[in-house]
Amino acid sequence: MASDSPSNLIEPSIFEYLKAHGEEELEVGDKLHQITAALNRHISTCQGLLSRIHSTPSSKLPPLLKQVEDDGINPEIDTVGELAQFASNYPYYKYNGKWTRAVQNVVNTILLTAWLGGLGTESPPGEIGRLLTIEEVGQILKGTFASQPLHYRYLHTNASPCSVPVNLKDRDAFHITIEEYILALTDITEELSRLAMNSVTMGDIDLTVRISGFIKDLFAGFQLLNLKNDIVRKRVDAVKYHVKKVEDVIYDLSLRNLIPKHESSS
């Protein structure tokens, strides 16, 4: 009669494989945690600097935005490059939950800085009210404007040369998604609606009117989208409250005859 024990009926290599695979996942998770932790620190620096826009007249924004670029966005770009280079070695949808919120915040800081007149190049120049496309965000993150001044100087230092694509469909690699871009847009509407109110306090009525027009146009554009992601749809729907907040400010200014006729009618 066979005397083989149950343990002899199982191939040991099965458990060796499972152990190795589990250890690899832990190592990958730890590395991603380290990178995203560094990225979140840079995001906090950037957001802290950007919070000063609420007490800075638009005429004095350029020096502040320069500091945002140098101390906040450049380090974000470097770290996103490191993240893209590492994460692209592994299945995107297995690990993207570890960084998607951080990447969304990076896109938000880039969009807001550009809207306020920062991140300008010779073409296009920086100007208040400029909304970057997702492709332009990707170009900033992968540094295709190497010949440009200011924040693009990171290309000539120790920044990662890794390309950061957007809305990637042809391969399984790190990229900026449409959802991350849309969610970042909803974030800047909240920040701009607050700025609209603070601009009145600073006597910058023109900026308040500009913000009002932008948020309304953005919300109108959102209505054209067929959003199937529940989170994105709810966040987009919440933009209407930001529109209402700014409309109330504009209405109050109109009652006080503080808005020039050509602006109130536009």
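All values derive from a computational prediction rather than experimental measurement. We number each residue from 1, following the sequence as shown.
Taking CG from Asp172 and NZ from Lys94, the interatomic distance works out to 11.5 Å, rounded to the nearest 0.5 Å. Atom-to-atom distance recorded for Leu141:CG and Ile77:CD1 is 6.0 Å, nearest 0.5 angstrom. Within the model, atoms CG of Leu112 and CG of Asp187 stand 10.0 Å from one another, a figure rounded to the nearest 0.5 Å. For the atom pair CD of Glu82 and CZ of Phe86, the computed distance is 9.0 Å after rounding to the nearest 0.5 Å. The structure places NZ of Lys66 at 12.0 Å from CD1 of Ile73, a figure rounded to the nearest 0.5 Å. Interatomic distance, Leu64 CG to Leu116 CG, rounded to the nearest 0.5 Å: 8.5 Å.
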Problem - From CA spacing to verdict: side-chain contact (heavy atoms from CB on, under 4.5 Å), Tyr90, Leu32 - result: CA-CA 11 Å; Tyr90 305 97; Leu32 288 174; over 6 Å; no
Handout entry: side-chain contact (heavy atoms from CB on, under 4.5 Å) between Val239 and Leu185, intermediate numbers included
Key = CA-CA 10 Å; Val239 172; Leu185 283 177; over 6 Å; no
Problem - Val68 vs Cys46, side-chain contact (heavy atoms from CB on, under 4.5 Å): CA-CA, chis, key distance, verdict - result: CA-CA 6 Å; Val68 171; Cys46 201; 3.7 Å; yes
Exercise for the section: For the pair Phe222 and Thr186, evaluate side-chain contact (heavy atoms from CB on, under 4.5 Å) and give the outcome as yes or no after the intermediate values. Expected result: CA-CA 10 Å; Phe222 282 149; Thr186 65; 4.3 Å; yes
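Checked for salt-bridge contact, Lys234 and Asp230 miss the test: no charged N lies under 4.0 Å from a carboxylate O. Comment: Asp237 does not engage Arg233 in a salt bridge, judged by the lack of any side-chain N to carboxylate O separation of less than 4.0 angstrom.
In the model, Thr109 has a side-chain atom that pairs as donor or acceptor with a side-chain atom of Glu76 under 3.5 Å. A donor-acceptor contact under 3.5 angstrom links the side chains of Thr100 and Glu180, judged on distance only.
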Identify every side-chain donor-acceptor pair in residues 38-45 under 3.5 Å, counting partners at least two apart or on other chains, and give the distances.
from, atom 1, to, atom 2, distance (Å)
Asn40, ND2, Thr36, O, 3.1
His42, NE2, Thr79, OG1, 3.3
Ser44, OG, Asn40, O, 3.0
Thr45, OG1, Arg41, O, 3.2

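Contact detail for Asn108 and Ala184: the closest heavy-atom pair is ND2-O, 3.5 Å. Across all their heavy atoms, Glu69 and Leu119 have their closest contact at OE2-N, 2.7 Å.
Ser88 places a side-chain N or O within donor-acceptor distance of the main-chain N or O of Ala84, the cut-off being under 3.5 Å. A side-chain donor-acceptor contact under 3.5 Å links Gln223 to the backbone of Phe219. The closest donor-acceptor contact from the side chain of Thr113 to the backbone of Ile110 lies at 3.5 Å or more, if one exists at all. Judged by distance alone, the side chain of Thr208 and the main-chain N or O of Ala196 form a donor-acceptor pair under 3.5 Å. For the pair Ser193 (side chain) and Glu190 (backbone), a donor-acceptor distance under 3.5 Å is present. At least one donor-acceptor pair under 3.5 Å links the side chain of Arg130 to the backbone N or O of Gly118.
Hydrophobic clustering keeps Tyr251 apart from Leu258 (ILVMFWY residues linked when any side-chain heavy atoms are closer than 4.5 Å, directly or through intermediates). Hydrophobic clustering of Ile, Leu, Val, Met, Phe, Trp and Tyr side chains at less than 4.5 Å, counting indirect connections, unites Ile178 with Val164. Both Leu192 and Leu253 sit in one connected hydrophobic cluster of ILVMFWY residues. Membership requires side-chain heavy atoms under 4.5 Å apart, directly or through other members. Cluster annotation: Val107 and Leu131 are assigned to the same hydrophobic cluster (Ile/Leu/Val/Met/Phe/Trp/Tyr, side-chain heavy-atom contacts under 4.5 Å, transitive). The hydrophobic cluster containing Leu255 does not contain Val200, counting ILVMFWY residues as joined when their side-chain heavy atoms lie under 4.5 angstrom apart, directly or transitively.
Counting heavy atoms from C-beta outward, Val232 and Val236 have side chains that approach closer than 4.5 Å. Residues Ile182 and Ile134 are not in side-chain contact: their nearest non-hydrogen atoms beyond the backbone lie 4.5 Å or more apart. A 4.5 Å side-chain heavy-atom check between Ser58 and Ile128 finds at least one atom pair inside the cut-off. Counting heavy atoms from C-beta outward, Leu65 and Pro62 have side chains that stay 4.5 Å or more apart. Within the 4.5 Å cutoff, the side chain of Val166 has no heavy atoms near those of the Thr177 side chain.
Among residues two or more places apart in sequence or in another chain, the side-chain contact (heavy atoms from CB on, under 4.5 Å) test is passed with His54 by Glu191, Arg194, Leu195, Asn198.
Heavy-atom contacts from other residues, nucleotides or ligands closer than 6.0 Å to CE of Met202 number more than 12. Around the CD1 atom of Ile231, the shell of radius 6.0 Å holds no more than 12 heavy atoms that belong to other residues, nucleotides or ligands.
Note: Trp115 and Phe214 have tilted aromatic rings, judged against thresholds of 30 and 60 degrees for the angle between ring planes. Using a 30° and 60° split on the angle between ring planes, Phe174 and Trp99 fall in the tilted class, from 30° to 60°.
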